[in-house]
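Residue indices begin at 1 and follow the sequence shown. Excluded from the calculations below are hydrogen atoms, water molecules and symmetry mates; all remaining heavy atoms, backbone and side chain alike, are included. Both ligands and their constituent atoms are indexed starting at 1 by order of listing. All figures in this text were calculated on a predicted structure; none of them were measured in a lab.
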Amino acid sequence: MSLFWGLLQAGLFQLDPERAHRLSIALLKAAPAPILAKIAGHGQKHGQADDPSLAIDFDRIGLHFKNPVGLAAGYDKDAEALPALSALGFGFVECGSLTPRPQAGNTRPRLFRLAKDRAVINRMGFNNQGHEAALARIEKARRQKIAPLGINLGANKDSPDRIGDYESGIRLFGGVADYFAVNISSPNTPGLRDLQQGDALPALLARLVAARDLYARPKDRPPVPIFLKIAPDLSPDARLMIAQIACERGIEGLIISNTTITRPAHLRDDAKDEAGGLSGAPLKDLSAEILADFYRLSGGRLILIGVGA
Ligand SMILES: Cc1cc2nc3c(=O)[nH]c(=O)nc-3n(C[C@H](O)[C@H](O)[C@H](O)COP(=O)(O)O)c2cc1C
């Protein structure tokens, strides 16, 4: 890590984690894009520093990444810093999770650093400013050059029709999303993970694909790809069922994985028993194992985006 990034991290680690997160977003919004690109060692102009061999082209679904390293959902939930994050050099950026109505999320503290384990536990609970606020920002960001944009959709905690919440996101953001990430794996919204199971999943995917296909895109652009974001805590049977249904229902891929509700025995930090989802170094092997399993189960027919390090 360079001296600059080391000092920045040391400074942010002096603050409460959620304040540090907010401060980092504020700094990104304030910093001019060329300076960010330079600090990140990503050349003078965004997008010109990547070696062409790093590019990933999914021509069939109209997705083109200049490099394979994207930013996962949860950092820029409300799409506040898309041009800045693009200038840092990410190959793609995912905002959200976004719910139709604004939501405060769980009470604080709800984000915990496990410094000894190079990990984080969060129980944020889909705190976000809602669809309309994000749409206005995304439309503005779209007037500049930004990295391919994933819009990660969630459901309001008190929604009477959670599938309807995802559907409304697909309808609203159809013109500005490069792909959709359908997050049914957050452990912090009670019952949400049930959408990964039984009859719920085919019903969800049927409605989402239908909503997506109704959106009239220009003739040269295929329908917006849909990726399902899944949990790492799935039984072998559940994995098989998800792979089969995802292939049958015609979604493009999976994002593997969200945070885990398990706690590996080797965790050392005092915060290890906080409730919520664990991410970071202790998730790496688990998410890599599930990723490999889904490649096998889907016979390579689904695009898989790996998350968890
Ligand atoms: C504070 C925090 C908030 C998150 N919020 C979301 C979210 O809103 N939607 C989502 O799909 N994933 C969310 N995630 C999960 C991340 O996108 C990612 O799947 C997970 O952290 C594992 O990756 P990592 O180990 O590289 O952090 C969140 C993670 C953290 C730490």
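Annotation for Lys272: atom NZ counts as buried by contact number, over 12 foreign heavy atoms lying within 6.0 Å. Annotation for Tyr75: atom OH counts as buried by contact number, over 12 foreign heavy atoms lying within 6.0 Å. The neighbour count for Arg19 CZ, taken as heavy atoms of other residues, nucleotides or ligands under 6.0 Å away, does not exceed 12.
Only the backbone of Ser257 comes within contact range of ligand 1, with a heavy atom under 4.0 Å; no side-chain atom does. By the criterion of a heavy-atom distance under 4.0 Å, the side chain of Lys77, and not its backbone, is placed next to ligand 1. Here Leu283 has side-chain heavy atoms under 4.0 Å from ligand 1, and that is the only part of it that gets that close.
The distance from ligand 1 to the heavy atoms of Ala309 drops below 4.0 Å at these ligand atoms: 24 (P), 25 (O), 26 (O). Numbered from 1 in the order shown, with element, the atoms of ligand 1 that lie under 4.0 Å from a heavy atom of Lys229 read 10 (C), 11 (O), 12 (N), 15 (C), 16 (C), 17 (O), 18 (C), 19 (O). Heavy-atom proximity to Ala72, at under 4.0 Å, picks out these atoms of ligand 1: 17 (O).
Shortest contact from atom 27 (O) of ligand 1 to any protein heavy atom: Ser279 CB, 3.6 Å. In this structure, atom 15 (C) of ligand 1 lies nearest to the protein heavy atom Asn258 OD1, 3.5 Å. For atom 28 (C) of ligand 1, the nearest non-hydrogen atom of the protein is Ala73 O, 3.8 Å. The shortest contact between atom 9 (N) of ligand 1 and any protein heavy atom is with Ser97 OG, 2.7 Å. If you check which protein heavy atom lies closest to atom 30 (C) of ligand 1, you get Asn122 ND2, 3.3 Å. The protein non-hydrogen atom at the shortest distance from atom 25 (O) of ligand 1 is Gly280 N, 2.7 Å. Nearest protein heavy-atom neighbour of atom 6 (C) of ligand 1: Gly74 CA, 3.5 Å.
A heavy-atom distance below 4.5 Å is not found between the side chains of Leu302 and Phe227.
Arg268 places a side-chain N or O within 3.5 Å of a backbone atom of Lys116 that can act as its donor or acceptor partner. Of the possible polar contacts, one joining the Asn183 side chain to the Ser185 backbone as a donor-acceptor pair under 3.5 Å is found.
For the residue pair Glu94 and Tyr179, a side-chain donor N or O sits within less than 3.5 Å of a side-chain acceptor on the partner. Residues Arg137 and Gln129 have side chains that bring a donor and an acceptor to within less than 3.5 angstrom of each other.
Among Asn152, Leu71, Leu111, the residue whose heavy atom lies nearest to atom 11 (O) of ligand 1 is Asn152.
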Verdict with reasoning, Asp117 to Arg263, per salt bridge (Lys or Arg N to Asp or Glu O under 4.0 Å) = CA-CA 11 Å; Asp117 302 303; Arg263 295 291 183 268; over 6 Å; no
